Amino acid sequence: MQLTSKIYIAGHRGMVGSAIKRALELKGYKNLVYRSSGELDLRNQQAVHNFFAEEQPEYVFLAAAKVGGIVANNTYRAEFLYDNLVMEANMIHAAHKTGVKKLMFLGSSCIYPRLAPQPLKEEYLLTGLLEPTNEPYAIAKIAGIKLCEAYRDQYGDNFISVMPTNLYGIGDNYHPQNSHVLPALIRRFHEAKENNSPVVVIWGSGTPLREFLYADDLADACLFLMEHYNERELVNIGTGTDLSILELAKLVKEVTGFEGRIELDSSKPDGTPRKLMDVNRLHSLGWKHKTDLKEGIQLAYHDFLRQEFAER
Ligand SMILES: NC(=O)C1=CN([C@@H]2O[C@H](COP(=O)(O)OP(=O)(O)OC[C@H]3O[C@@H](n4cnc5c(N)ncnc54)[C@H](OP(=O)(O)O)[C@@H]3O)[C@@H](O)[C@H]2O)C=CC1
Ligand SMILES: C[C@H]1O[C@H](OP(=O)(O)OP(=O)(O)OC[C@H]2O[C@@H](n3cnc4c(=O)[nH]c(N)nc43)[C@H](O)[C@@H]2O)[C@@H](O)[C@@H](O)C1=O
């Protein structure tokens, strides 16, 4: 990418898209193009084709999607499958039709089989049954991967697919029911401290293991791979370390300064027991994450407080 290349960031207002936009601006890329979902609904095929024909982007970061935590995925199963399938199909086909030089599709760690060997290697894709709670979303993501592969095979398009682990950071979604675990816990522990509540309840057994990567580190990895990676194979993006949900809760408790007890709500789903990414391919390409989990949670908490104060 040249500093004058026209770069389209789909999903630029989201946690990942805004981090990619920040990273590009910091590196001096000036010719960025983006639209909110209100300005351009990526489920509208004609609108997407008109946009690509009019703007003619050279590089595309596909960071727009319908995204949420385990309860959101399991509640809005049709929307998670339909919206993501239609958005990625429209974007990838329009990118092909208008001769986009390179497109990066963002998948997710939940594309891998629920009980695959750990850590998860890229070649474990489609070797077993998926986690039921986010199967619709995972199927949509796998379809996106296969679209990129097929357009490369048939037309020679340089469309690459990256698989981020669980992410958190600036501009995250803190919705009490629909968010991912880390932002949900930041909000819940903070509110409990503010309200002098004696207990914070976390979902599930607390035993599942999860890996967390700070969103600005992911953005840095995305720019690195957009610059240096042009192959058909998937690339996992993670830290290569994980911890239990209960250990995570204790970390969030420490960062937020909550002093009460933690209780478990076993009526809520645990989801996949573990999904630790094998990041050897990423490391061999020359990229490693920088932000450790405790530092990242502190940064995310400060962003949450800034957002909360701004909304008063
Ligand atoms: N968060 C995580 O833990 C992980 C996320 N990912 C992937 O990273 C990518 C970004 O995720 P994240 O930033 O967390 O998600 P967010 O929910 O923060 O952002 C999603 C973005 O997608 C846009 N969007 C949603 N629906 C439409 C639509 N119909 N038309 C146009 N735009 C739409 C939204 O635009 P607007 O704000 O304008 O409405 C929003 O900016 C996704 O592909 C996700 O699957 C992968 C692994 C983990
Ligand atoms: C990111 C990736 O992976 C996502 O899957 P996931 O990792 O299972 O989703 P999650 O972040 O919501 O973590 C859920 C784990 O955490 C426990 N848990 C405790 N307390 C809360 C809580 O308050 N909220 C939530 N959401 N989970 C909680 C919960 O019991 C479970 O064990 C996909 O949805 C999909 O979005 C995807 O791409």
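Because the structure is predicted, anything quoted here is derived from the model rather than measured. Counting convention: from 1, in listed order, for ligands and their atoms alike.
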Shortest protein heavy-atom distance from [atom], along with the residue and atom involved:
{"atom": "atom 1 (C) of ligand 2", "value": "His180 NE2, 3.4 Å"}
{"atom": "atom 20 (N) of ligand 2", "value": "Trp203 N, 3.0 Å"}
{"atom": "atom 35 (C) of ligand 2", "value": "Tyr137 CE2, 3.6 Å"}
{"atom": "atom 11 (O) of ligand 2", "value": "Val181 N, 3.0 Å"}
{"atom": "atom 38 (O) of ligand 2", "value": "Ser108 OG, 2.6 Å"}
{"atom": "atom 33 (C) of ligand 2", "value": "Asn134 ND2, 3.5 Å"}
{"atom": "atom 12 (O) of ligand 2", "value": "Ile70 N, 2.9 Å"}
{"atom": "atom 32 (O) of ligand 2", "value": "Asp270 O, 2.6 Å"}

Charged N to carboxylate O below 4.0 Å: is that the case for [X] and [Y]?
{"X": "Asp153", "Y": "Arg232", "answer": "yes"}
{"X": "Asp157", "Y": "Arg152", "answer": "no"}
{"X": "Lys6", "Y": "Glu58", "answer": "no"}
{"X": "Arg43", "Y": "Asp41", "answer": "yes"}
{"X": "Glu231", "Y": "Arg281", "answer": "no"}
{"X": "Arg187", "Y": "Glu308", "answer": "no"}
{"X": "Glu263", "Y": "Arg261", "answer": "yes"}

More than 12 heavy atoms of other groups within 6.0 Å of Tyr151 OH: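 Enclosed: over 12 neighbouring heavy atoms sit under 6.0 Å from OH of Tyr151.
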
Do we see a donor-acceptor contact under 3.5 Å between the side chains of [X] and [Y]?
{"X": "Tyr112", "Y": "Asn236", "value": "yes"}
{"X": "Asn73", "Y": "Thr133", "value": "no"}
{"X": "Gln2", "Y": "Ser5", "value": "no"}

Against heavy atoms of [X], which atoms of ligand 2 measure under 4.0 Å?
{"X": "Lys275", "value": "2 (C), 3 (O), 4 (C), 5 (O), 6 (P), 7 (O)"}
{"X": "Ala184", "value": "22 (C), 23 (O), 24 (N)"}
{"X": "Pro208", "value": "32 (O)"}
{"X": "Gly68", "value": "34 (O), 35 (C), 36 (O)"}

Has ligand 2 got any nitrogen or oxygen that is less than 3.5 angstrom from a nitrogen or oxygen of [X]?
{"X": "Gly271", "value": "no"}
{"X": "Arg188", "value": "yes"}
{"X": "Pro269", "value": "yes"}

Proximity of Ser179 to ligand 2 by residue part, where a heavy atom lies under 4.0 Å: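 For Ser179, only backbone atoms sit under 4.0 Å from ligand 2.
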
Per-residue contact class, Arg210 against ligand 2 - non-hydrogen pairs under 4.0 Å: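 Side chain only.
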
Residues in the immediate environment of ligand 1 (any heavy atom closer than 4.0 angstrom):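 Near ligand 1, by chain and number: Gly11, Arg13, Gly14, Met15, Val16, Ser36, Ser37, Leu40, Asp41, Leu42, Arg43, Ala63, Ala64, Ala65, Val67, Met87, Leu106, Gly107, Ser108, Tyr137, Lys141, Pro164, Thr165, Asn166, Leu167, His180.
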
Parallel, tilted or perpendicular: ring planes of His228 versus Phe224, cut at 30 and 60 degrees: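 Tilted.
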
Validation row, ring centre Phe304 to ring centre His190 under 6.0 Å: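 Yes.
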
Heavy atom of Asn166, distance to ligand 2 below 4.0 Å: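 A heavy atom of Asn166 does come that close to ligand 2.
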
Short side-chain to backbone donor-acceptor contact, Glu79 and Lys66, under 3.5 Å: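 Not a single qualifying donor-acceptor pair exists.
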
Residues clustering with Trp203 (ILVMFWY side chains joined when closer than 4.5 Å, directly or via others):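 Hydrophobic cluster check, Trp203: joined to Ile70, Val71.
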
